[in-house]
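This report refers to the structure that appears directly beneath it.
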Amino acid sequence: MIDDKQSMLRMIPKVDRLMMEPELEKASRGRSRQLIQKAVNQVLDEIREKILSNKMADVSLVNLHAIIAKVIDKIDRFSRPSLQGLINATGVVVHTNLGRSILAKKVLKNLVNLAGGYSNLEYDLKLGKRGSRYVHVEEILKELTFAEAAMVVNNNAAAVLLSLDTIASGKEVVVSRGQLVEIGGSFRIPEVMRKSGAKMVEVGTTNKTHLRDYEEAINESTALLLKVHTSNYQIIGFTKEVPLSELAALGQKHGIPVMEDLGSGCFIDFSEYGLGREPTVQEVLAAGADLVTFSGDKLLGGPQAGIILGRKDLVESIRKNHLTRALRIDKMTLLALEETLRLYRDRHRAMKEIPTLRMIACPYNTLAARAERLIKMVGKISDENFSMVLTEGYSRVGGGALPALELPSRILCLVPSRMSASQMEILLRKNNPPIIARVEKDRVLLDVRTIRVSEMKTVADTLARLSRLSSPD
Ligand SMILES: *Cc1c(COP(=O)(O)O)cnc(C)c1O
């Protein structure tokens, strides 16, 4: 056995010899020597490992042409940027792993125009001296939400941290036990609270918290009453949450500010479009919140950002906090955010032009027609590898908004015949560009809600190609 392994190992071609293979030389043209070397080393290491672990250790492993093909494949992969575009066929509109919101065309145009040149990012054109980067979105945020003051940072996690640090460091923050959320594995209310130096005072129970629970927790060290949007879960059954207006009244009575971390934060009431109900930012402010924080790239449909709105004195002190410098928003983000916010001046335009809003509100009939079109575009296929059917299904908003809302959609369903659904999902994912699909009950589901019209042909061509594939690997 050992002898076998040793002789196999000896059959692995030497690096220098491989590098001189004409096929490889041709594929290496224009690529750096380091990159080629890295590809060769990795392929040879993998083969050695396979031989030593006795996994599929057969002589085909050391076949020269197979090795060269592997190296060329690796070179191709290394040459591509790591961050690349893909097609979201999951039907989850605000998909955190896939980059959340995609930007509106008008926003992109502005980015291209401005990011390649200098700008008045921190320069006051009227006075001819240093200005503040925050002014560019402050006025429009105030205009859209009727907030007294506005401030933006890198993301909503930063917005919450900064607000707590400014208002409650060394003091107590009262929060309901039903709202101690974890978002995406790294944002957890108790952890953020600890980092900010605030002491968390939990009140109520998991399912029920009453106004008197908050009131009883208030003492001279209380700096803030916090409400957190339970973004990615719902407590159903025997439950009670204190409405923000009641919490605000309590805060006012005791002279303690009330903050709501809205998470997603939207400006438009989706129930008017026959969708679920989320409190809008305007409503939360009107209900008496002293501070509201939310993300720029969830329901708002803009770039990653954290938006803080509310009472002028509070926002002013947040702005003066030295942490702000470490959490500050980047120039390109600011550009994209301002342009996205400008679209909201006309809400019909916002619904039409902001992809996140457009996808969420896309009517079922449009989706059904699009799914039909996709099947037609694929054309006639032999069902040796898979067959296609249209079924009823649901898309989701994602990003911690309306977690329980199911958006009816028409789903293209692939029923694989000689591979498993997860193998088929891998083939789609390894495509260039990758197509990310859902697997459910031995079927691969493609939801046209999140596939852009410009991507339909690529999806159709890929499906047609996969249907002709003679062997799944
Ligand atoms: C998403 C979310 C956050 C974190 O926002 P990021 O933009 O991801 O930093 C914080 N709080 C709530 C309630 C959220 O839903």
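In this chain, residues are counted from 1 in sequence order. When reading the values below, keep in mind they use all heavy atoms of this one structure, side chains included, and skip hydrogens, waters and symmetry mates. Order of appearance sets the numbers: ligands from 1, and atoms from 1 within every ligand.
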Cut-off 3.5 Å, side chains only: do His254 and Glu215 have a donor facing an acceptor?
yes
Assess, by modelled atom type and distance only, whether the side chains of Thr239 and Asn207 contain a donor and an acceptor separated by less than 3.5 Å.
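No, because no side-chain N or O of Thr239 sits under 3.5 Å from a partner of the opposite role on Asn207.
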Return the minimal non-hydrogen interatomic distance between Leu300 and Phe294, and the atom names on each side.
CD2-CE1, 4.2 Å
Nearest heavy-atom approach of Ile235 to Gly178 is CD1-O, 4.1 Å
Run the contact test for Ile183 against ligand 1 with a 4.0 Å cut-off on heavy atoms, strictly below, and give the result.
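Contact present.
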Please state whether Val160 comes within less than 4.0 angstrom of ligand 1, counting heavy atoms only.
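Judged by the 4.0 Å heavy-atom criterion, Val160 does not count as contacting ligand 1.
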Does the side chain of Glu316 reach to within under 4.5 Å of the side chain of Arg319, using non-hydrogen atoms?
yes
From the list Leu428, Thr90, Leu446, side chain to side chain contact (heavy atoms under 4.5 Å, CB included) with Ile436 holds only for Thr90
Quick one: pull up CG in Asn120 and NZ in Lys126 and give me the separation to the nearest 0.5 Å.
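Spacing of CG (Asn120) from NZ (Lys126) equals 12.0 Å.
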Tell me, which protein residue and heavy-atom name are nearest [atom], and how many Å apart are they?
| atom | value |
| --- | --- |
| atom 9 (O) of ligand 1 | Ala157 N, 2.8 Å |
| atom 3 (C) of ligand 1 | Asn156 ND2, 3.4 Å |
| atom 13 (C) of ligand 1 | Ser231 OG, 3.2 Å |
| atom 11 (N) of ligand 1 | Asp261 OD2, 2.6 Å |
| atom 7 (O) of ligand 1 | Ser295 OG, 2.6 Å |

Counting only nitrogen or oxygen atoms and a 3.5 angstrom limit, does [X] reach ligand 1?
| X | result |
| --- | --- |
| Ala158 | no |
| His229 | no |
| Arg100 | yes |
| Ser264 | no |

Considering only heavy atoms, does Lys298 approach ligand 1 within less than 4.0 Å through its side chain, its backbone, both, or neither?
side chain
Treating Asn88 as the side-chain partner and Val92 as the backbone partner, does any N or O pair qualify as donor plus acceptor under 3.5 Å?
yes
